[in-house]
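Numbered from 1 within each chain, the chains take letters A, B, ... in sequence-line order. Heavy atoms only: backbone and side chains are in, while hydrogens, waters and symmetry mates are out.
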Protein chains: 2
Amino acid sequence: MGRTPEFDREDVLDRALLLFWQKGFHATSIRDLVDVTGLGKASIYNAFGNKEQFFKTVLDRYAMQSEQAQLQRLDAVTPASEAIRIYFEDLIRFSVTIGPRLGCLYTNTAVELAPRLEKMENYLKGQFEKTEERLATTIRRGHDDGSIPTSVVPETTANILLNLAFGIRVQARLGSSEEKLRGIVEGSMAALLFYPYRSNLAHQSEARSA
Amino acid sequence: MGRTPEFDREDVLDRALLLFWQKGFHATSIRDLVDVTGLGKASIYNAFGNKEQFFKTVLDRYAMQSEQAQLQRLDAVTPASEAIRIYFEDLIRFSVTIGPRLGCLYTNTAVELAPRLEKMENYLKGQFEKTEERLATTIRRGHDDGSIPTSVVPETTANILLNLAFGIRVQARLGSSEEKLRGIVEGSMAALLFYPYRSNLAHQSEARSA
DNA sequence: GTAGTTTTGGGCAGATTGCTCAAAAATTCA
DNA sequence: TGAATTTTTGAGCAATCTGCCCAAAACTAC
């Protein structure tokens with residue numbers, strides 16, 4: 001029992017998420033959150049605790065909407081090479097389409113709060129490691145279904161692909177166009193995963209055996 | 001004429017630089033700067049203006065010490081492929097060795113202050129574009145001196161290399177080890193620039209024509 | 001020494017920060 | 001209806017923030 005909350009919790013979280021995503025943790029004040037969510041200061045503290053706890057809740061919601069969804073698609077798509085390609089397509093779409101200069105909330109947060117990263121280790125570093133492991137697993141699946149040459153080492157390449165993802169997220173944050181990011185992903189994947197087709201090679205040298 | 005300042009300007013700038021580098025712009029207060037530099041509030045405002053102007057001055061000093069120095073070495077080293085390799089070696093050293101979880105001040109700043117990036121466009125975006133152009137130029141030089149296959153397209157590959165650099169800087173900020181970053185650079189460069197030798201390929205497939 | 005100039009330290013003003021508390025309003029259960 | 005529980009509301013707290021000012025100290029030029 002008790003009084004019914006007037007706000008829609010998910011809606012409030014989404015609004016707060018977008019604000020934190022745009023401005024970062026420190027630059028977002030409680031006042032800003034009050035303005036964007038429409039509910040009073042005390043209501044925020046009552047419903048979500050202090051600013052740091054609120055931010056962590058927002059991070060969880062972000063995880064639900066972005067990373068987890070993308071990682072699930074990694075396992076769902078066949079062949080494995082296509083899954084990786086789609087993973088990066090989703091990454092770009094999610095980093096660019098929703099709003100300008102958003103990038104990835106996880107990456108932005110990790111860069112901004114790196115000095116006090118110990119407190120958020122479970123949230124961020126674990127997520128990144130999980131992504132890397134999933135990528136390695138997918139590469140191994142590509143060995144089985146024949147879409148990725150067995151000569152490609154899963155661990156090393158997953159490491160490099162995660163680094164590629166970090167670069168994409170940062171450049172999305174800086175306002176790079178979707179096309180430019182697509183070109184980077186395409187060129188990198190071609191060089192790393194698909195031996196014969198490499199878009200960063202001039203087309204004159206296409207005649208080369210696989 | 002007038003009273004001689006008691007502080008060494010370069011020393012103060014270096015201390016402030018390190019602090020901004022560690023904590024970021026918003027999390028660094030004037031009080032923090034007073035503590036770390038040892039001089040009073042008024043002296044800071046007198047010598048460097050307000051916080052934002054001080055930060056820009058610090059960015060300039062950072063440019064002098066890091067980016068510019070690294071870019072100059074790009075042109076100095078022969079062959080061109082070695083120049084690029086050394087560029088990334090310097091990048092890693094500079095991002096990891098000076099202090100833990102520092103990364104690159106430019107990248108950190110760009111990520112943190114992306115929403116108000118218009119005001120710093122000259123400082124950051126220009127620097128990144130300059131780096132990309134320098135990389136492309138170096139690749140062309142590699143075409144001439146024979147260290148990089150002419151099949152490697154300068155613009156596309158420079159684009160990808162810049163993205164690689166962003167990833168390295170972020171991972172350095174997250175505390176990745178020097179060895180891990182070296183592995184990423186080595187694997188990426190091998191795949192992108194040096195056709196026959198690719199460390200992310202298993203050694204069993206080494207017998208392949210160049 | 002004197003005048004002019006700059007640094008320095010202290011402190012102040014105004015705004016903003018994150019946060020709390022008590023009372024009012026709304027809902028459920030008895 | 002009345003008691004219990006929860007949310008909302010608004011006022012306000014203590015601390016910190018940035019930015020600036022002013023008088024005193026220190027230095028240079030004359």
Side-chain angles (χ1 to χ4, degrees), chain A residues 1-61 105 108-109 112-113 115-120 123, chain B residues 1-59 61 109 112-113 115-116 119-120:
Chain A
M1 54 171 144
R3 178 169 173 174
T4 305
E6 293 182 356
F7 62 90
D8 177 13
R9 185 179 174 89
E10 294 192 348
D11 181 57
V12 165
L13 280 177
D14 281 339
R15 292 174 186 272
L17 165 59
L18 198 61
L19 193 64
F20 275 125
W21 201 353
Q22 289 169 337
K23 306 184 63 173
F25 177 76
H26 280 118
T28 300
S29 67
I30 300 290
R31 163 81 194 200
D32 292 333
L33 292 169
V34 166
D35 290 343
V36 84
T37 60
L39 44 93
K41 265 176 288 191
S43 296
I44 290 182
Y45 278 91
N46 182 37
F48 303 101
N50 62 24
K51 184 181 174 184
E52 195 164 336
Q53 292 168 341
F54 193 11
F55 185 66
K56 283 187 178 178
T57 307
V58 165
L59 280 185
D60 283 337
R61 179 146 184 91
L105 177 59
N108 299 350
T109 303
E112 183 188 353
L113 304 182
R116 46 157 98 173
L117 199 69
E118 297 92 9
K119 304 176 69 176
M120 302 226 165
Y123 280 83
Chain B
M1 55 171 141
R3 178 171 173 176
T4 305
E6 292 183 355
F7 61 91
D8 176 12
R9 184 181 175 89
E10 294 191 348
D11 181 56
V12 165
L13 279 177
D14 282 339
R15 291 174 186 271
L17 164 59
L18 197 61
L19 193 65
F20 274 125
W21 200 353
Q22 288 168 337
K23 306 185 64 173
F25 177 76
H26 281 117
T28 301
S29 68
I30 301 289
R31 164 81 191 195
D32 293 332
L33 292 169
V34 167
D35 289 343
V36 84
T37 60
L39 44 92
K41 268 172 289 189
S43 297
I44 291 182
Y45 277 92
N46 182 35
F48 304 101
N50 62 22
K51 184 181 172 184
E52 195 165 336
Q53 292 168 339
F54 193 10
F55 184 66
K56 283 188 179 177
T57 306
V58 164
L59 280 185
R61 176 141 186 93
T109 303
E112 183 189 354
L113 304 182
R116 46 159 98 173
K119 305 176 67 176
M120 303 226 166

Between A/R116 and A/F25, the two heavy atoms sitting closest are NH1-CE2, 4.1 Å
### Query
Where the side chain of A/Q22 meets the backbone of A/L19, is there a donor-acceptor pair that is under 3.5 Å apart?
no
Between NE2 of A/H26 and P of C/dT17 the distance, given in whole Å, is 13 Å
Counted 5' to 3', the first and last nucleotides of DNA chain D within 4.0 Å (strictly under) of a heavy-atom of chain B are D/dC17 to D/dA29
Separation of C/dT16 atom P from A/K51 atom NZ, nearest Å, is 15 Å
Of A/F20, A/F48, A/W21, the one forming a ring-ring contact (aromatic ring centres under 6.0 Å, His included) with A/F55 is A/F20
Ordered by number, residues from residues 42-50 of chain A within less than 4.0 Å of DNA chain D (heavy atoms) are A/A42, A/S43, A/N46
Atom CZ of B/R31 and atom C1' of C/dG9 are separated, to the nearest Å, by 13 Å
Could you pull out the protein-nucleic contacts involving nucleotides 24-30 of chain C (nitrogen or oxygen on both sides, under 3.5 Å)?
from, atom 1, to, atom 2, distance (Å)
C/dA25, N3, A/R3, NH1, 3.2
C/dA26, O4', A/R3, NE, 3.4

When rounded to whole Å, the CG to C1' distance for the pair B/L39 and C/dT7 reads 10 Å
Closer than 3.5 angstrom, by distance alone: can the side chain of A/E112 be matched with the main-chain N or O of A/G24 as a donor-acceptor pair? no
**OP:** Looking at every strand, decide which applies to A/F54 at a 4.0 Å heavy-atom threshold: base, sugar-phosphate, or nothing.
**Re:** nothing
(request) Could you tell me whether a side-chain N or O of A/D60 sits under 3.5 Å from a main-chain N or O of A/T57, the two making a donor and an acceptor? (result) no
In the structure I gave you, are the side-chain heavy atoms of B/L113 and B/H26 within less than 4.5 Å of one another anywhere? yes
Worksheet item: Can you tell me if A/K23 uses its side chain to pair, donor with acceptor, with the backbone of A/S29 under 3.5 Å?
Response: no
A/E52 CD to C/dG18 P, in whole Å, measures 12 Å
